Amino acid sequence: GRVALTSEEGTGTTVTIRLPTVAPPEAATAPIRPGTQAGDAGPMLVVCHDNLVRRVLARMLRREASEVVDARSMAEAGPLLGAPDAAFDVLVVEVDANDRSGHTLSWLREHRKTGLGIISLVGPQVPGTVQASLKSVGEVLGKPFTVADLRQAVRRARSGPPGTEW
């Protein structure tokens, strides 16, 4: 199946779900990393202001992580990332279309840690200059996207250097 999310401030969020008519082949549930099960992967942190979008993202990611923790804002996520026992291996952040000053990028640079893969979710309304800057700290995934797109972004965030383009 496919799930696509689009979100615009003031308009709301649209979730489009397309379900297959037959069961997918076994290969579609392959683990993230060779030799591991999905539950062996480290926990992820999802940061998104919209409750519905945050819950859908968390549900989409549960298959790819041992645990998915969600936060409503960067202010709420900061202490979670900074905790001495924090072991997140992927941070997924929805970038606000109104962030033209680079607040998200500054926050991501401040909280970047060795081994932490970062995925910035951006809509078409996020300026290209902001999107290009976000690539310096991690992956950039444009909306709308599918579950498969998100899973691929997670795999790349865990294994690749910042700046991979989709």
Side-chain angles (χ1 to χ4, degrees), residues 3-15 17 32 38-127 129-147 149-160 162-164 166:
V3 175
L5 300 172
T6 53
S7 180
E8 287 188 39
E9 190 168 324
T11 304
T13 301
T14 302
V15 179
I17 301 172
I32 303 157
D40 293 340
M44 291 186 219
L45 177 60
V46 175
V47 183
C48 176
H49 72 280
D50 185 284
N51 290 333
L52 177 62
V53 174
R54 191 173 62 252
R55 284 194 308 262
V56 170
L57 282 169
R59 180 170 280 165
M60 291 167 72
L61 291 166
R62 288 212 197 307
R63 189 177 181 119
E64 302 295 322
S66 59
E67 178 183 12
V68 178
V69 177
D70 61 89
R72 290 179 301 235
S73 66
M74 292 182 284
E76 188 177 299
L80 295 170
L81 284 170
D85 59 344
F88 299 107
D89 66 354
V90 176
L91 169 64
V92 180
V93 178
E94 182 182 37
V95 179
D96 188 333
N98 295 319
D99 181 10
R100 297 190 182 337
S101 65
H103 178 69
T104 303
L105 179 62
S106 297
W107 186 86
L108 289 172
R109 284 186 175 149
E110 179 184 334
H111 290 86
R112 178 100 172 129
K113 296 180 181 180
T114 302
L116 177 65
I118 296 175
I119 303 170
S120 297
L121 305 176
V122 298
Q125 67 280 18
V126 174
T129 54
V130 173
Q131 292 186 37
S133 296
L134 288 167
K135 290 178 185 174
S136 69
V137 294
E139 307 301 326
V140 176
L141 182 59
K143 296 186 230 173
F145 55 85
T146 65
V147 173
D149 295 335
L150 184 59
R151 286 182 178 157
Q152 184 180 18
V154 168
R155 289 181 183 107
R156 287 186 176 221
R158 283 189 169 128
S159 64
T164 304
W166 296 87

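All values reported here derive from a predicted model rather than from experimental measurement.
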Engineer: Measuring from Asp96:CG to Asp50:CG, what's the distance to the nearest 0.5 Å?
Structural biologist: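 Atom-to-atom, Asp96:CG and Asp50:CG are 11.0 Å apart.
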Engineer: Can you list everything that forms a side chain to side chain donor-acceptor pair (under 3.5 Å) with Arg59? Sequence neighbours excluded, please.
Structural biologist: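 Listed in chain order: nothing, the list is empty.
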Engineer: Return yes if some donor-acceptor pair links the side-chain N/O of Gln131 with the main-chain N/O of Val140 below 3.5 Å, else return no.
Structural biologist: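 Checked: no pair found.
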Engineer: To the closest 0.5 Å, what do you measure between CG (Leu116) and CG (Leu45)?
Structural biologist: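 Answer rounded to 0.5 Å: 8.5 Å.
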Engineer: Name the residue from Val92, Ile119, Val122 that meets the side chain to side chain contact (heavy atoms under 4.5 Å, CB included) definition with Leu141.
Structural biologist: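 That would be Ile119; it is the only one of Val92, Ile119, Val122 passing the side chain to side chain contact (heavy atoms under 4.5 Å, CB included) with Leu141.
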Engineer: What distance separates Leu108 CG from Ser136 OG, expressed to the nearest 0.5 Å?
Structural biologist: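 Answer rounded to 0.5 Å: 9.0 Å.
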Engineer: So, using side chain to side chain donor-acceptor pair (under 3.5 Å) as the criterion, who are the partners of Arg72 when residues are at least two apart?
Structural biologist: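 Partners of Arg72 under the side chain to side chain donor-acceptor pair (under 3.5 Å) test: Glu76.
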Engineer: Do Val154 and Met44 have side chains that approach each other closer than 4.5 Å (heavy atoms only, starting at C-beta)?
Structural biologist: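 Side-chain contact under 4.5 Å: yes.
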Engineer: Which residues pass the side chain to side chain donor-acceptor pair (under 3.5 Å) test with Thr14, not counting sequence neighbours?
Structural biologist: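 Checked Thr14 against side chain to side chain donor-acceptor pair (under 3.5 Å); zero matches.
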Engineer: Can you name the residues that form a side-chain contact (heavy atoms from CB on, under 4.5 Å) with Val68, not counting sequence neighbours?
Structural biologist: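 Val68 satisfies side-chain contact (heavy atoms from CB on, under 4.5 Å) with Val46, Ala58, Leu61, Arg62, Ala65 only.
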Engineer: Name all residues meeting the side chain to side chain donor-acceptor pair (under 3.5 Å) criterion together with Ser7; count only those two or more places apart in sequence or in a different chain, and write none if there are none.
Structural biologist: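 For Ser7 the side chain to side chain donor-acceptor pair (under 3.5 Å) partners, ignoring immediate neighbours, are Thr13.
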Engineer: Quick one: closest heavy-atom pair of Trp107 and Gly78, and the distance?
Structural biologist: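 Minimum heavy-atom contact is CZ2-N, 3.9 Å.
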Engineer: Measure the OG-CG distance between Ser120 and Leu91 for me, rounded to the nearest 0.5 Å.
Structural biologist: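 Here the rounded value is 8.0 Å.
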Engineer: Less than 4.5 Å apart, side chain to side chain, heavy atoms only: is that true for Glu67 and Val69?
Structural biologist: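 Yes, their side chains come closer than 4.5 Å.
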Engineer: Hey, are the side chains of Arg151 and Met60 touching, using non-hydrogen atoms and a 4.5 Å cut-off?
Structural biologist: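 No. Closest side-chain heavy atoms not under 4.5 Å.
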Engineer: Distance from Leu52 atom CG to Leu5 atom CG, nearest 0.5 Å?
Structural biologist: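 Between Leu52 CG and Leu5 CG, I get 8.0 Å after rounding to 0.5 Å.
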Engineer: Inspect the contact between Glu94 and Arg54 and indicate whether a charged nitrogen and a carboxylate oxygen are less than 4.0 angstrom apart.
Structural biologist: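 The answer is no: the pair does not qualify as a salt bridge.
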Engineer: Could you pull out the closest heavy-atom pair between Ala75 and Pro79, with the gap in Å?
Structural biologist: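 Between these two residues, the closest heavy atoms are O-CD, 3.1 Å.
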Engineer: Side-chain contact, heavy-atom cut-off 4.5 Å: Leu57 with Leu121?
Structural biologist: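 The answer is yes; the side chains approach within 4.5 Å.
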Engineer: Once side-chain contact (heavy atoms from CB on, under 4.5 Å) is applied, do any residues pair with Ala83, and if so which ones, sequence neighbours excluded?
Structural biologist: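 side-chain contact (heavy atoms from CB on, under 4.5 Å) list for Ala83, sorted by chain: Asp85, Ala86.
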Engineer: For Pro124, which residues count as a side-chain contact (heavy atoms from CB on, under 4.5 Å) partner, sequence neighbours excluded?
Structural biologist: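 Counting only residues at least two positions away or on another chain, Pro124 forms no side-chain contact (heavy atoms from CB on, under 4.5 Å).
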Engineer: Let me see the working for Leu134 and Val93 under side chain to side chain contact (heavy atoms under 4.5 Å, CB included), right down to the final yes or no.
Structural biologist: CA-CA 11 Å; Leu134 288 167; Val93 178; over 6 Å; no
Engineer: Can you tell me how far apart CG (Leu150) and CZ (Arg155) are? Round to the nearest 0.5 Å.
Structural biologist: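 The distance works out to 10.0 Å.
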